[in-house]
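This report refers to the structure that appears directly beneath it.
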Protein chains: 2
Amino acid sequence: MHDSAPAPVMTDVARLAGVSHQTVSRVVNGSPHVSTPTRNKVLAAMEQLGYRRNAVARALATRRSGTLGVITFDTVLHGPVTTLYGVEQAAGALGLGVSIAVVDRVSSDAVMRALTRLEDQSVEGVIALATQEDAVRALTAGLRALPAIFVGGLAGAAAAGATAVGTDQLDGAQAATRHLLEFGHRTVHHLAGPQDWLDSRWRVEGWRAALHAAGAPEPPLVEGDWSARSGYCGMRAMLAADPALTAVFAANDQMALGALRALDEAGRRVPEDVSVVGFDDVPEAEFFRPPLTTVRQHFAEAGQRAVHLLLDLIRPQESPADATPPPLVPTELVVRRSSGPAAR
Amino acid sequence: MHDSAPAPVMTDVARLAGVSHQTVSRVVNGSPHVSTPTRNKVLAAMEQLGYRRNAVARALATRRSGTLGVITFDTVLHGPVTTLYGVEQAAGALGLGVSIAVVDRVSSDAVMRALTRLEDQSVEGVIALATQEDAVRALTAGLRALPAIFVGGLAGAAAAGATAVGTDQLDGAQAATRHLLEFGHRTVHHLAGPQDWLDSRWRVEGWRAALHAAGAPEPPLVEGDWSARSGYCGMRAMLAADPALTAVFAANDQMALGALRALDEAGRRVPEDVSVVGFDDVPEAEFFRPPLTTVRQHFAEAGQRAVHLLLDLIRPQESPADATPPPLVPTELVVRRSSGPAAR
DNA sequence: ACAAACCTTGTTAGCGCTAACAATGTGAGC
DNA sequence: GCTCACATTGTTAGCGCTAACAAGGTTTGT
């Protein structure tokens, strides 16, 4: 399994093809200044030797590592993970590598350490998947010469002077809330995500905006931490505070799952007594009981756009006519059975 | 944000400290052959200039990139993702970087492409998180000089001549099955995972072993693909085939969720009429209705062990007394309300 | 036919670091 | 005092690649 013969290098190919190593380099890099017969000779030699360009040497000579860094938060949330895959896919298609750094808890310190780790791997740019307020601050402060893109918390990050790409949280939350309002619910309660996450703040904004537009009263916010447990606890608290509530918009599907459970325990039927809407559309949402109405986010798409945007920052000359993608990814309301008309 | 002054290099530090660049190198690498005053001068100069060693140059000179590669499958499954985080954490603690390659579908081809991508990034070793049979085959065939560790599908990978680490699937599945049997169920049906995954084959083995040990009949296997949907469909099929079944062991929690839904639709109560046990213990399992009895896997732990095992392969001399961790991570049965006594 | 413009190839000099060896200086041992 | 061992430092030569320039050969225009 471990062969001992050293991997062939450019000089080996050059010798075999009877040209200089620079000519081999030209062929490898697709330079037009190589005659067809020479190119073929080189190609044949490469093939014969099984030559593969040494990325490290190339990186040293060009001062470009061809690697992007991704900073992500350590909770296994559907969003960040799917985005990560989108990033890797897009990067792979462009011939770029992806290094990751997982931040175990959100503190400027942890973020800085993650950043340092990526810098030490000579990444050319960073995509940050954890858009808590602190993280954004720490990153914008800590990034030295590194370009970065934030995924999520769009406008918030933009305000901090950074480039961002993300789902249109505002619109998605508005759509969810409006959907419930249109069913005749007097108002919609909101099980919010952690308020240090920019994403969840935008969802609150959207919810609030839809409420106000409809002239509906704004019930007090209950804050969770994205977990099903927090949705469960939050729902119980809400129910205790306002037993008459009829519609709940949860900041993500996990929290909605917890809410569903709490409602069941309290003897409330969904959607007959209380309607529930989630956010994200995780693959399981369709199999919750009842199937969850939710707002689908296209995380992988966001990840792909992030890569293109980042490439734009790193190599402005290389992203030509095919314009950079718009940073705002639209959402999609997926109506299932957990939402319905208000009981009368 | 983008400063223009080039980053200081070793020579800059050397000049400032009044020593040769090699002495700086010695300090950076913790060589004992540097006098304390000299070391302090160098350290001060490094501090003053904000020197950071260039990992690429070091990699070129030492022929070691300090980077591990992880190959993972593109489904957002709880296991692989958590393992990935465990890998990153352990690698980070050892000063190693982590590059990822996501395989979009399982074919030898896709696996080979992912492998090539990692090789091109000069990773020193590979940790494969996708232990489908094909993937193992493709990897063991495709790895040239690269050491690799497989996570999951333990004995299967070992049989293929590769080193592996993973959860004790056999034992976990046996425990789950036995748990149901002990409740007095005549037998236990199994909603299996995709049979090209080594993990799910081991779960089948464990289930089968427990059944045989108890002298229980072995119902036909229903195969899914890890998704809630497949659990739902599989459960319906099972119910159609054997309306009298009373206990189901699902290969993972998502499939169990689908099964729960199918049982509900069929008017079967859980656990009064039918008991359900899952596998993995995803964070949401506790909030399924009813809370799911399941087998907890310690994925992050498996990831960490994989890193240490891989390091052993890469740098045998460096992992000393503190023995390599055992490759088999134990599981833990978490009993919740979805399992109970057989109805009489 | 002759020079200016190529096109093609080769030569040289790094990128920033480490490995190997050489060259000091110091104290111990005879 | 002189040699030997050793600790400390410096010098040199790469790692495998690309960038920049140089050097031929072939066109082309007039």
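Keep in mind it's a predicted model, so treat the numbers as computed, not measured. Just so we're on the same page: letters track the sequence lines, and every chain starts at 1.
- Not counting sequence neighbours, Arg26(A) has no partner by the side chain to side chain donor-acceptor pair (under 3.5 Å) test.
- Annotation: side-chain contact (heavy atoms from CB on, under 4.5 Å) contacts of Ala55(A) (sequence neighbours excluded): Ser122(B).
- Of the side-chain N and O atoms in Asn54(B), none sit less than 4.0 angstrom from OP1 or OP2 of dC15(C).
- Residue Ala61(A) has its side chain nearest to dC17(D) when only dG16(C), dC17(D), dC17(C) are considered.
- Every residue meeting the side chain to side chain donor-acceptor pair (under 3.5 Å) condition with Ser35(B), not counting sequence neighbours, appears here in chain and number order: Thr38(B).
- At dT18(D), one or more side-chain N or O atoms of Ser25(A) fall inside 4.0 Å of OP1 or OP2 (strictly under the cut-off).
- Evaluation of the side chain to side chain donor-acceptor pair (under 3.5 Å) rule for Asp120(B) yields Arg52(A) as partners, not counting sequence neighbours.
- Straight-line distance from the CG atom of Asp120(B) to the P atom of dG16(D): 16 Å, rounded to whole Å.
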Quiz item: Tell me, for nucleotides 7-13 of chain D in 5' to 3' order, what letter each nucleotide earns: B for a base near a protein heavy atom under 4.0 Å, S for only sugar-phosphate near one, - for neither?
Solution: -BBBBB-
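- Side-chain N/O atoms of Arg63(B) include one lying less than 4.0 angstrom from OP1 or OP2 on dG16(D).
- The nearest whole Å value for the distance from the CZ atom in Arg52(B) to the C1' atom in dC17(C) is 16 Å.
- Looking at residues two or more places apart in sequence or on another chain, you find a side chain to side chain donor-acceptor pair (under 3.5 Å) between Gln121(B) and Ser99(B).
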Practice problem: Any chance you could lay out the side chain to side chain contact (heavy atoms under 4.5 Å, CB included) test for Thr72(A) and Tyr85(B), step after step, and finish with the verdict? | Solution: CA-CA 10 Å; Thr72(A) 180; Tyr85(B) 288 174; 3.7 Å; yes
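- Taking atom CZ on Arg15(B) and atom P on dC17(C), their separation rounds to 12 Å, with Å as the unit.
- The side chain of Arg58(B) contributes no N or O atom lying less than 4.0 Å from OP1 or OP2 of dC15(D).
- The salt bridge (charged side-chain N to carboxylate O under 4.0 Å, His left out) analysis of residues 36-47 of chain B, with sequence neighbours excluded, yields no pairs.
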Enumerate the protein-to-nucleotides 23-25 of chain D contacts in which both atoms are nitrogen or oxygen and the separation is below 3.5 Å.
none

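- Taking the screw axis at each terminus of the helix from dA1(C)-dT30(D) to dC30(C)-dG1(D) from five consecutive base pairs, the angle between the two is 50° to within rounding of 10 degrees.
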Please report, to 0.1 Å, the donor-acceptor pairs under 3.5 Å made by any side chain of residues 15-22 of chain A, with sequence neighbours excluded.
from: Ser20(A); atom 1: OG; to: Gln22(A); atom 2: N; distance (Å): 3.4
from: Ser20(A); atom 1: OG; to: Thr23(A); atom 2: N; distance (Å): 3.4
from: Ser20(A); atom 1: OG; to: Thr23(A); atom 2: OG1; distance (Å): 3.4
from: Gln22(A); atom 1: OE1; to: Ser25(A); atom 2: OG; distance (Å): 3.4

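- Remark: Arg63(B) engages no residue in a salt bridge (charged side-chain N to carboxylate O under 4.0 Å, His left out) (not counting sequence neighbours).
- In this structure, Asn29(B) atom CG and dA19(C) atom P are separated by 7 Å, rounded to whole Å.
- Atom-to-atom, CG of Leu60(B) to P of dT18(D) comes out at 12 Å; the value is rounded to the nearest Å.
- Within the 4.5 Å cutoff, side-chain heavy atoms of Leu94(A) are placed close to those of His308(A).
- Annotation: side-chain contact (heavy atoms from CB on, under 4.5 Å) contacts of Arg113(B) (sequence neighbours excluded): Arg105(B), Asp109(B), Ala110(B).
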